[in-house]
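These notes concern the structure reproduced below.
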Amino acid sequence: MLLTRNKYGKYYIPEDQFHRPVPCILRKGGVHEPETLKFVMENLKGRSLITAWTYLGSFLPAFSAATSAMIYAFEPNPESYDYAARNITLNNLKNVSLKNVALSDSNTILNLEITGGQGRKKGGAATIVSAPSRATIKVKSIALDSILDYRTEVSIIQLDAEGYEDHILKGACKLITKQLPFIISESRVPHSLQRYLGDLGYKYKDYTLDRNYLLTPS
């Protein structure tokens with residue numbers, strides 16, 4: 001385990017993940033996805049943020065400093081969750097709520113693939129898959145609308161869920177309809193959700209903010 005830092009905070013990094021993009025940047029004192037962080041910090045406006053999946057929690061010090069409201073963070077991989085929890089404590093983040101669950105469109109049990117070929121760990125790139133195997137573990141999933149009141153003032157939903165973002169958004173329809181937060185997604189939102197969000201007045205921008213997708217409420 002290595003202790004490193006950048007301009008936003010300090011971070012513990014597991015040695016077996018030094019090859020992953022985020023640890024590589026943090027080890028050099030850099031900032032992962034600086035455009036995304038800048039956008040979030042400028043647009044939180046004192047309200048809450050939802051972030052999934054948070055991996056090692058490298059965004060959390062910046063998010064926490066940008067608002068006095070709660071940051072709701074979710075990470076289904078137990079090892080990544082453990083490091084994110086350590087980094088929350090390391091940076092003394094008082095307004096971060098971290099849960100070791102997968103956000104989804106239902107409250108159930110899912111298969112999380114955490115190893116690749118020949119049983120090697122995938123690092124932070126844990127992926128929800130349909131069928132169990134020797135590469136998967138069972139994880140609990142929850143829908144945002146089942147745990148967060150739709151009246152909670154949320155400015156931004158930021159998602160990096162390895163292609164599972166559409167399920168997360170389907171499970172947050174009540175919250176999105178009421179609060180109209182900015183939505184930042186690593187994966188393209190499917191057309192069915194684009195139509196739903198378009199009816200709410202959202203505008204869709206491809207490959208912005210560090211090659212993420214941005215949905216902006218009007």
Side-chain angles (χ1 to χ4, degrees), residues 1-18 20-34 36-104 112 114 121-126 137 139-142 144 147-149 152-162 164-165 168 172 175 181 184 186 210 212:
M1 181 171 62
L2 175 72
L3 176 62
T4 186
R5 67 179 66 225
N6 63 17
K7 66 179 182 179
Y8 293 116
K10 300 175 287 186
Y11 315 93
Y12 290 120
I13 303 172
E15 293 182 8
D16 65 351
Q17 294 183 32
F18 282 178
R20 300 285 304 159
V22 174
C24 282
I25 293 170
L26 293 178
R27 289 176 67 194
K28 298 175 183 177
V31 175
H32 177 58
E33 297 195 351
T36 301
L37 285 182
K38 183 174 184 291
F39 179 88
V40 169
M41 296 176 76
E42 289 177 349
N43 288 280
L44 269 178
K45 309 296 186 184
R47 302 171 83 193
S48 288
L49 173 141
I50 295 160
T51 178
W53 299 330
T54 196
Y55 186 32
L56 306 177
S58 63
F59 283 173
L60 297 180
F63 290 168
S64 175
T67 181
S68 59
M70 288 299 299
I71 305 297
Y72 299 97
F74 301 86
E75 174 52 55
N77 185 334
E79 182 179 10
S80 298
Y81 166 82
D82 179 62
Y83 275 90
R86 293 177 188 222
N87 290 329
I88 289 170
T89 300
L90 179 66
N91 290 280
N92 195 30
L93 307 182
K94 301 297 188 183
N95 62 333
V96 177
S97 169
L98 174 67
K99 293 187 181 299
N100 183 203
V101 296
L103 288 183
S104 186
L112 184 71
I114 59 172
K121 286 186 177 181
K122 295 175 66 177
I137 61 173
V139 295
K140 180 181 178 181
S141 77
I142 53 177
L144 265 174
I147 61 167
L148 204 60
D149 191 293
T152 302
E153 293 188 336
V154 174
S155 284
I156 299 171
I157 297 176
Q158 182 265 325
L159 304 177
D160 183 355
E162 305 296 330
Y164 205 69
E165 289 83 356
I168 296 174
L175 180 70
I184 302 169
E186 184 192 48
D210 306 296
N212 290 301

Roughly how far, to the nearest 0.5 Å, is the [atom2] atom of [Y] from the [atom1] atom of [X]?
X: L2; Y: R27; atom1: CG; atom2: CZ; value: 6.5 Å
X: K45; Y: I156; atom1: NZ; atom2: CD1; value: 9.5 Å
X: I137; Y: N77; atom1: CD1; atom2: CG; value: 6.0 Å
X: L98; Y: L60; atom1: CG; atom2: CG; value: 7.5 Å
X: I184; Y: D160; atom1: CD1; atom2: CG; value: 11.0 Å
X: S104; Y: I142; atom1: OG; atom2: CD1; value: 10.0 Å

Side chains of [X] and [Y]: closer than 4.5 Å at any heavy-atom pair?
X: W53; Y: P76; result: yes
X: P14; Y: E79; result: yes
X: D149; Y: T152; result: yes
X: I147; Y: V101; result: no
X: F74; Y: L144; result: yes
X: L37; Y: F59; result: yes
X: K7; Y: V31; result: yes

Do you know which two heavy atoms are closest between [X] and [Y], and how far apart they sit?
X: G46; Y: T67; answer: C-OG1, 3.2 Å
X: P181; Y: V154; answer: CB-O, 3.5 Å
X: P61; Y: G9; answer: CB-CA, 4.3 Å
X: Y12; Y: N87; answer: N-OD1, 2.6 Å
X: F63; Y: I71; answer: O-CD1, 3.8 Å
X: N91; Y: K10; answer: ND2-O, 2.6 Å

Is the closest side-chain donor-acceptor distance between [X] and [Y] under 3.5 Å?
X: E33; Y: N212; result: yes
X: N6; Y: Y11; result: yes
X: N92; Y: K94; result: yes
X: T51; Y: Q158; result: yes
X: Y164; Y: E186; result: no

Any side-chain to backbone donor/acceptor pair from S64 onto L93? Under 3.5 Å, distance only.
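Flag not set: sc S64 to bb L93 has no pair under 3.5 Å.
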Got a donor-acceptor contact below 3.5 angstrom from the D82 side chain to the P78 backbone?
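Side chain of D82 to backbone of P78: no pair is present.
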Please say which of R20, E75, H32, Q17 ends up in a side-chain hydrogen bond (donor to acceptor under 3.5 Å, both in side chains) with Y55.
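Among R20, E75, H32, Q17, the one that satisfies the side-chain hydrogen bond (donor to acceptor under 3.5 Å, both in side chains) with Y55 is Q17.
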Give the C-alpha distance, both sets of side-chain angles, the deciding distance and a yes or no for side-chain contact (heavy atoms from CB on, under 4.5 Å) between I13 and L3.
CA-CA 6 Å; I13 303 172; L3 176 62; over 6 Å; no
Residues two or more places apart in sequence or in another chain: which of them pass side chain to side chain donor-acceptor pair (under 3.5 Å) with Y83?
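Result, side chain to side chain donor-acceptor pair (under 3.5 Å) vs Y83: none returned.
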